[in-house]
Amino acid sequence: KDFANFVALFGILGIVSNISLPLILQSVGLRNFSLFAIASSLLIPVTILFTDSYRYIVLAGCLGLFGGTQKVGTSTVMTSLATESGIPQGQVQGEKASMLALLKISMPLVYSALYLKGKAWSSGSSTDGMSNTASAGLELLTEKIGRKLPYVLNIVLGICAFGVAWQNL
């Protein structure tokens, strides 16, 4: 039941963010909104990485409600760059659809591989030949992160997206 409420909450937050999007874009501009949306999309993975509390994860989801709208800025910039370069919009949309289809196939495989690797790390880490301090540190790290490796990837990709948006928008 909690999971169903969690999913319903994200549906409601998606509707609220899309309705308020034009007002926010007018007041802060496309670049600032895109940076804010990317930063807010990092709230859930960072929260999951540091806590297992359902309450904090829901709070992070509410605060990160604009994370799902982060593609608005990149889509706008892509369209304008294609128009300036003389590339037909149909070709741009076709390339974008192909890239998204490839990502929808490959990323679940990457996430499941990361989860399984983290699960293996959590269940038994080998620390042979290390000092006691290094061994304890590695065990703590693998125990803390372990199965949360997919969220670490989300954080790394989010930071990269923020850097690219900062430079190019």
Side-chain angles (χ1 to χ4, degrees), residues 2-51 54-118 145-169:
D2 283 342
F3 184 71
N5 291 338
F6 190 64
V7 171
L9 175 69
F10 277 96
I12 292 168
L13 289 173
I15 292 168
V16 170
S17 67
N18 285 324
I19 289 172
S20 61
L21 183 63
L23 301 171
I24 295 173
L25 279 174
Q26 282 181 335
S27 62
V28 298
L30 184 63
R31 180 179 190 271
N32 290 336
F33 175 77
S34 295
L35 293 172
F36 171 71
I38 292 169
S40 71
S41 73
L42 289 171
L43 289 176
I44 291 177
V46 168
T47 303
I48 290 174
L49 187 63
F50 291 110
T51 185
Y54 176 75
R55 179 173 287 149
Y56 290 136
I57 294 169
V58 169
L59 180 64
C62 291
L63 293 174
L65 87 131
F66 289 104
T69 58
Q70 62 185 322
K71 65 182 176 184
V72 171
T74 55
S75 294
T76 304
V77 170
M78 233 172 44
T79 302
S80 64
L81 286 174
T83 302
E84 289 174 11
S85 302
I87 301 171
Q89 287 302 312
Q91 181 180 350
V92 172
Q93 295 304 321
E95 296 289 337
K96 184 177 166 185
S98 297
M99 180 187 69
L100 288 174
L102 181 64
L103 289 173
K104 286 180 181 182
I105 293 169
S106 61
M107 290 316 289
L109 298 173
V110 171
Y111 278 98
S112 61
L114 284 172
Y115 176 79
L116 292 174
K117 186 61 157 175
I145 293 176
R147 295 180 182 169
K148 297 179 180 183
L149 275 179
Y151 298 105
V152 173
L153 177 64
N154 280 353
I155 294 167
V156 169
L157 292 176
I159 291 169
C160 292
F162 190 87
V164 168
W166 183 271
Q167 269 189 327
N168 297 308
L169 289 179

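Between Tyr151 and Val46, every side-chain heavy-atom pair lies at or beyond the 4.5 Å cut-off. Under the 4.5 Å side-chain criterion, counting only non-hydrogen atoms from C-beta, Leu35 is in contact with Arg31. The side-chain heavy atoms of Leu102 and Met99, taken from C-beta on, include no pair separated by under 4.5 Å. Here the side chains of Leu153 and Leu149 are not in contact, with every heavy-atom distance at 4.5 Å or above. Looking only at side-chain heavy atoms (C-beta outward), Leu9 and Cys62 come within less than 4.5 Å of each other.
Rounded to the nearest 0.5 Å, atoms CG (Leu65) and OG (Ser41) are 12.0 Å apart. Here the OG1-CD1 distance, from Thr79 to Ile87, works out to 11.0 Å after rounding to the nearest 0.5 Å. Rounded to the nearest 0.5 angstrom, Asn168 CG and Leu81 CG are separated by 8.5 Å. With values rounded to the nearest 0.5 angstrom, Leu13 atom CG is found 11.0 Å from Asn18 atom CG. How far OG1 of Thr69 is from CG of Leu25: 8.0 Å, rounded to the nearest 0.5 Å.
With hydrogens and angles disregarded, a donor-acceptor distance shorter than 3.5 Å links the side chain of Ser40 to the backbone of Gly67. At least one donor-acceptor pair under 3.5 Å links the side chain of Ser17 to the backbone N or O of Gly14. Thr76 contributes a side-chain N or O that, together with a main-chain N or O of Val72, makes up a donor-acceptor pair within less than 3.5 Å.
For residues 100-112, the pairs satisfying side chain to side chain donor-acceptor pair (under 3.5 Å) are Tyr111-Asn154, with sequence neighbours left out.
The nearest pair of heavy atoms linking Gly64 to Leu43 is N-CD1, 3.7 Å. The two residues Gly158 and Leu42 have their closest heavy-atom pair at CA-CD2, 3.6 Å. Looking at every heavy atom in both residues, Lys148 comes nearest to Leu49 through NZ-O, 3.7 Å. For Leu30 against Gly73, the heavy-atom pair with the smallest separation is CD1-CA, 3.6 Å.
Gln89 and Thr83 are linked by a side-chain donor-acceptor pair at a separation below 3.5 angstrom, with hydrogens and angles left out of the test.
Scored by the side-chain hydrogen bond (donor to acceptor under 3.5 Å, both in side chains) test, Ser75 finds Lys96 as partners (sequence neighbours excluded).
Relative ring orientation between Phe66 and Phe36 is described as tilted, the plane-to-plane angle lying within the 30° to 60° band.
The aromatic ring centres of Tyr56 and Phe50 sit 6.0 Å or more apart.
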